[in-house]
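Input: a single structure, listed below in structure tokens.
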Amino acid sequence: MRSNDLVAAALARLALLTQLEEGSPQSFRTRAYERAVDAVRLFPIDVSTLDVSELRAIDGVGDSTAKKIREFVDTGHIQVLDELSARYPDRFVALLQVPGVGPRTAITLRHELGIESVDQLRDAVTAEQLRELPGFGAKTEEKIGKAIDRLGLAGKDRRLPIGKALRIAEAIVDRLASIDGVNAVRYCGSLRRFRDTIADVDVLVVAEEPDPIVEAFVADPSVRETLGAGAGGASVTTDDMQIDLRVVPPDQFGSASLYFTGAKAHNIALRQRAIDRGWLLNEYGLMDGDTVVASATEEEIYRALDLDFISPELREDVGEIEAAAEGSLPDLVRVEDIRGDLHVHSTWSGDGRSSLEDMIGAAATRGLEYIAITEHGEDLSINGLSRETVIEERGQIEEIRARYPNLVILHGAELNIGRDGDVDYDAEFLAEFDWCVASVHSHFDLPMARQTDRVIKAVANPAINVIGHLTGRRIGRRPGIEIDFDAVLDAVADTGTALEINSHIDRLDVPADLLMRARRRDDVVFTISTDAHHTTEFANIKWGVSNSRRGWVERSRVVNIRPVHEFLTWLG
DNA sequence: GCCGTTTTCGGCCCGACTGTTTTCAGTCG
């Protein structure tokens with residue numbers, strides 16, 4: 001883990017324990033620490049190299065936190081944090097994972113009943129001890145008991161990979177859209193912002209009459225439990241996750257979308273901006289007293305606040321509001337910008353599932369101007385192609401080219417970056433390819449220095465045009481390799497090698513937080529490709545595009561939005 | 001704890017829901 005992430009983790013723990021200390025999740029000190037967590041995590045420079053005055057210059061980091069960061073970097077500890085950790089051990093802090101238990105309740109439980117862990121809380125519920133406490137009752141006790149039973153499914157920290165959440169959300173959106181009286185349906189929340197893990201799905205429906213929609217929603221067979229349902233909305237759990245529905249009239253679609261999409265910090269900043277103008281912003285609209293200033297669309301609300309429209313993927317309060325105010329938001333990629341797909345497999349690869357002809361036909365149908373067929377290299381057992389097979393496929397591609405005069409078909413390969421940075425085949429054979437992707441498919445747990453060395457060695461290989469799915473992560477299943485990203489950026493800038501933004505929903509690799517770090521240098525270029533193994537997977541490009549947007553990647557930096565002749569010129 | 005085209009002190013987003021309460025505290029998003 002790089003030091004910014006380690007520092008951010010320590011500050012996050014400080015924020016959490018400060019909640020307990022102050023007895024409020026929204027104490028100003030807690031919020032200040034939380035703000036510092038984001039500031040450090042996203043800061044492009046390694047904070048361990050900065051002194052206190054440089055740290056203070058980071059927006060959201062003041063004198064006190066700057067000194068704590070320095071203390072952490074120098075000693076590995078923060079004294080205040082150590083003291084808080086002694087007072088609130090992990091098993092006690094775990095109480096906050098129980099829905100309905102906040103800092104105040106946790107402290108009361110400890111003080112009144114000596115409860116120090118979730119297990120002890122469960123025992124106290126069973127013994128009906130909670131209902132005797134001041135401010136508690138039988139219902140609260142029952143609610144906490146049920147929440148503990150559900151902890152595996154609905155603990156506050158539980159998050160699903162975005163791919164799974166998307167499938168669930170899209171199914172719900174389709175079902176709701178088919179109900180009479182529904183004008184529009186949109187999923188919001190962290191899913192719309194395109195975070196790579198999702199805690200719950202928030203769905204917004206536009207309709208004049210909410211009741212029939214709420215009834216149909218809670219009656220769906222996938223619903224396991226209804227947590228609450230009332231005028232205008234409902235919350236349910238399915239086997240996989242919690243889903244919150246909200247139904248609003250058409251004239252509130254914009255304000256409700258903003259509210260429901262977040263991020264919380266983004267909303268707070270917008271509301272502060274409204275206050276500065278003497279207005280009030282809530283989910284019902286932007287108000288000047290009783291007069292509605294704007295509410296029907298997000299666009300008009302941003303405009304009324306003197307801001308350019310901020311795309312949902314950017315709404316994290318990490319500088320997008322300031323950029324929108326001064327007209328310097330990044331020029332982001334749209335799906336229709338993509339003219340080429342530079343990472344495509346067919347059944348020639350062992351794991352491909354559509355034929356070469358079908359893949360090429362699907363690319364042409366999609367209106368692409370160029371593609372690169374990139375079967376696995378020979379070092380990937382079973383799935384990889386021998387030299388003889390490579391040459392055989394090259395012949396077949398040559399035949400197919402004649403039938404697609406408007407599609408430039410590159411014959412490429414996806415090479416395997418070996419343990420020490422070597423790749424498949426030999427230099428002479430590699431020189432025959434039009435396009436080479438090189439990716440890590442093995443040895444995921446080497447130490448950081450070794451990982452960095454092997455990738456940089458591949459970057460320096462003149463045959464290699466782009467590094468595929470850099471970290472090798474599988475969201476929710478496998479963490480990425482440990483790698484010195486700044487060193488990789490230096491290397492690809494030196495050689496002109498591109499970094500791939502892999503569109504597979506389980507990969508989204510390069511991750512968006514790393515893309516943001518790459519953004520401050522203007523000498524790194526990207527491709528956005530699908531890694532399609534089936535004709536239907538060309539459509540996945542939208543996920544790669546969304547990930548690039550979340551990473552603030554500008555259009556000018558993406559190679560495969562260029563017209564084919566410009567692309568070929570770049571390729572040389 | 002942080003911050004300042006009204007401020008170096010005095011503010012810090014807004015509302016719904018729940019449960020235990022006769023007016024509010026806590027949690028959540």
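The shown structure was predicted, so the numbers you read here are calculated from the model rather than taken from an experiment. What's counted below: heavy atoms across the whole structure, side chains too, no hydrogens, waters or symmetry copies. Order of the sequence lines fixes the chain letters, A, B, ..., with proteins taken first and strands second; residue numbering starts at 1 for each chain.
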Please give, in whole Å, the distance from [N] [atom2] to [X] [atom1]?
X: A/Leu130; N: B/dT20; atom1: CG; atom2: C1'; result: 14 Å
X: A/Ile144; N: B/dG19; atom1: CD1; atom2: C1'; result: 11 Å
X: A/Leu96; N: B/dG26; atom1: CG; atom2: P; result: 14 Å
X: A/Asp276; N: B/dG4; atom1: CG; atom2: C1'; result: 11 Å
X: A/Arg35; N: B/dG1; atom1: CZ; atom2: C1'; result: 11 Å
X: A/Asp244; N: B/dT27; atom1: CG; atom2: P; result: 19 Å
X: A/Lys143; N: B/dT20; atom1: NZ; atom2: C1'; result: 12 Å
X: A/Ile198; N: B/dG29; atom1: CD1; atom2: C1'; result: 15 Å

* Base partner of B/dT8, which must satisfy Watson-Crick or wobble distances under 3.5 Å ->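 Answer to the pairing question: none, since B/dT8 forms no Watson-Crick or G-U pair.
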* Asked: Toward the 5' end of DNA chain B, which comes first, A/Ala138 or A/Val61, by nearest nucleotide?
  ->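 Taking each residue's closest nucleotide, the earlier one in sequence belongs to A/Val61.
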* Asked: Mapping A/Gly60 and A/Val98 to their closest nucleotides on DNA chain B, which lands nearer the 5' end?
  ->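 Looking at the nearest nucleotide for each, A/Gly60 comes out on the 5' side.
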* **Donor on one side chain, acceptor on other, A/Arg549 and A/Ser311, under 3.5 Å** =>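 Note: A/Arg549 and A/Ser311 side chains meet the donor-acceptor criterion.
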* Asked: Looking just at side-chain N and O atoms, do A/Ser48 and A/Asp46 make a donor-acceptor pair shorter than 3.5 Å?
  ->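 Indeed, the side chains of A/Ser48 and A/Asp46 share at least one donor-acceptor pair under 3.5 Å.
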* **Minimum-distance nucleotide (side-chain atoms of A/Ala32 versus B/dC3, B/dC2, B/dG29)** =>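 Nearest nucleotide to the side chain: B/dC2.
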* For atom CD of A/Glu225, decide whether the heavy atoms of other residues, nucleotides or ligands shown that lie under 6.0 angstrom number more than 12. =>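 Above 12, so yes.
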* Is the side chain of A/Arg246 donor-acceptor paired with the backbone N or O of A/Gly232 at a distance under 3.5 Å, no angle test? ->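 Not at all, since once roles are kept as given, no pair shorter than 3.5 Å links the two residues.
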* To do: For A/Asp288 and A/Trp279, indicate whether the former's side chain and the latter's backbone hold a donor-acceptor pair under 3.5 Å.
  =>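 A pair under 3.5 Å: no.
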* Structure fact -> A correct 5'-to-3' footprint of nucleotides 9-17 of chain B, with B, S and - meaning base, sugar-phosphate only and no protein heavy atom under 4.0 Å, is ---BBBSS-
* Please measure how far the P atom in B/dT20 lies from the corresponding atom in B/dG15, and state the result in whole Å. =>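 One P to the other, the span is 26 Å.
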* Given side chains that start at C-beta, do those of A/Arg41 and A/Asn4 come closer than 4.5 Å, heavy atoms only? ->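 No, side chains not in contact.
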